[in-house]
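Below is one structure, written out as structure tokens; the observations come after it.
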Amino acid sequence: MDFSPIVDNLKKREYTVSTFENNIDACEYLTKEINGFSVGFGGSMTLKELGLFDSLSSNNEVWWHGKGDQLKEYGSDFVIKKAMTTDIYITSANALTESGQIVNIDGRCNRISSTLYGHKKIYYIIGKNKIAPTLEKAIWRARNIAAPKNAQRLGINTPCAVKGDKCYDCSSPQRICRGFLVLERPPSGIEVEIVLINDSLGY
Ligand code: SF4
């Protein structure tokens, strides 16, 4: 995929941008860049597929509630709060528009709130499958692809979790779609780098 138009649009919106052909190159780059920091991870299948937690953990203090042993030792509230106050925060997006808007849906909302304040730098790791031509299609993608597949993976009691096929706009107590964020530009005072990978990653 030719990322050039998206890269130009993201730069116009004041983002730092880097592009990679595959996971390995992206992971090597991030491991070199992030050294000696405290790092928080948002819930993300992309980060899991990248194997980034293990590569960063040797040179950084990394907090991620998706890591079973940390959960067991400290509990999810503690780990999420630690991740919200680190130097660096890393997450993915449910969708990215070609013009550079970042769309995310969240249940506990730790991920979307962590991308708005509290860190020196934020990285979004985004595979080509997350790119949508318009904001309308990006919102559709977040609601009808990302959220149902996450609900299915979590095995929760929502109608979308049965087949992971589409959003039913449920009123389930376990509904994972509670906060919805469209980021137009980096929050003031925070450097935000978009890492685009020419591969399909996460949901
Ligand atoms: S609103 Fe409910 S049905 Fe729709 S994706 Fe979210 S959890 Fe699933």
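Numbering of ligands and ligand atoms starts at 1, following listing order. Note that the structure is predicted; figures quoted are calculated from it, not measured.
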Shared ILVMFWY cluster between Val39 and Val195, side chains joined below 4.5 angstrom? yes

Picking from Phe41, Phe37, Tyr74, what satisfies ring pair (Phe, Tyr, Trp, His ring centres under 6.0 Å) with Trp63? Tyr74

For atom 6 (Fe) of ligand 1, what's the nearest protein heavy-atom neighbour? Residue, atom name and distance, please. Cys177 SG, 2.3 Å

Atom indices of ligand 1, in the order listed, that fall short of 4.0 Å to a heavy atom of Ile176: 7 (S)

Quiz question: by atom type and distance under 3.5 Å, do the side chains of Glu33 and Thr31 form a donor-acceptor pair? no

So with a 6.0 Å cut-off around NZ of Lys137, is the heavy-atom count from everything else above 12? no

Ala147 heavy atoms within 4.0 Å reach ligand 1 at atoms 5 (S)

Tell me: protein heavy atom nearest atom 8 (Fe) of ligand 1, and distance? Cys160 SG, 2.3 Å

Measure from atom 4 (Fe) of ligand 1 to each N, O or S atom of Cys167 and report whether any distance is below 2.8 Å. yes

Would you indicate whether the side-chain heavy atoms of Ile197 and Ile126 approach each other to under 4.5 Å? no

Is it the case that atom NZ in Lys48 sees more than 12 heavy atoms from other parts of the structure closer than 6.0 Å? no

I need the contact type for Cys170 against ligand 1. Using non-hydrogen atoms and a strict under-4.0 Å cut-off, is it side chain, backbone, both or neither? both

Which residue holds the protein heavy atom closest to atom 3 (S) of ligand 1, what is that atom called, and what is the gap in Å? Tyr168 N, 3.3 Å

Counting heavy atoms only, which part of Asn144 comes closer than 4.0 Å to ligand 1: side chain, backbone, both or neither? neither

